[in-house]
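Quantities reported herein were computed from a predicted structural model and do not represent experimental measurements.
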Amino acid sequence: MAIHLTNVAAEFDGKVFVPQQAIDLPVGTKAIIAVETPLAPMPSRPQPPTEEERREWEQFIEEINKTEPYFPTVEAALGYSRKYPGYYP
C-alpha cells in the first residue's frame with residue numbers, strides 16, 4: 001500500500017487542530033501531526049559568574065590543587081587502565 005504525505009497547516013484552538021485550508025479527506029482519516037515549536041533563544045553572550053559562583057569555583061580549584069593525584073604519572077594511570085580495561089576509579 002503506497003502512502004502519500006501531504007503537508008497541512010493547522011492551528012491549535014486549545015482542544016483540536018483546525019486546518020487553515022480546506023482538506024478533501026474522508027471522515028475518520030487518521031493523521032500524524034508534527035508540531036513546530038520555536039527554540040528558546042540563546043543568550044548573545046555568556047553571563048558572568050555571580051560572586052557566589054566565583055567563590056565556589058575558587059574553593060573547588062583550591063581543593064584540586066592541594067589533593068595528591070591518584071597516580072603519580074600519566075604512564076602509571078595508563079598502565080593501570082590497560083591492566084583493567086573499562087575500569088575507571
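Residues passing the side-chain hydrogen bond (donor to acceptor under 3.5 Å, both in side chains) test with T6, sequence neighbours excluded: H4. Residues satisfying the side-chain contact (heavy atoms from CB on, under 4.5 Å) criterion with E53, sequence neighbours excluded, are P49, T50. Residues forming a side-chain contact (heavy atoms from CB on, under 4.5 Å) with A77 (at least two apart in sequence, or on another chain): F71. Under the rule for a side-chain contact (heavy atoms from CB on, under 4.5 Å), Q47 has no partner lying at least two apart in sequence or in another chain. Partners of T67 according to the side-chain contact (heavy atoms from CB on, under 4.5 Å) rule, which considers only residues two or more places apart in sequence or in another chain, do not exist here. For R54, the side-chain hydrogen bond (donor to acceptor under 3.5 Å, both in side chains) partners two or more places apart in sequence, or in a different chain, are E51, E58. The salt bridge (Lys or Arg N to Asp or Glu O under 4.0 Å) search around E63 returns K66, not counting sequence neighbours.
Membership of an apolar cluster is not assigned to L39, as no side-chain contact below 4.5 Å to another ILVMFWY residue is traced. Grouped by direct or indirect side-chain proximity (heavy atoms under 4.5 Å, Ile/Leu/Val/Met/Phe/Trp/Tyr only), V74 sits with L78.
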N/O donor-acceptor pairs under 3.5 Å from side chains in residues 9-38, not counting sequence neighbours:
{"residue": "D13", "atom": "OD1", "partner": "K15", "partner atom": "N", "Å": "2.8"}
{"residue": "D13", "atom": "OD1", "partner": "V16", "partner atom": "N", "Å": "2.9"}
{"residue": "T29", "atom": "OG1", "partner": "P26", "partner atom": "O", "Å": "2.6"}

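For residues 20-66, every residue pair satisfying the ring pair (Phe, Tyr, Trp, His ring centres under 6.0 Å) rule, not counting sequence neighbours, is listed here: W57-F60. For residues 23-43, no pair satisfies ring pair (Phe, Tyr, Trp, His ring centres under 6.0 Å), with sequence neighbours left out.
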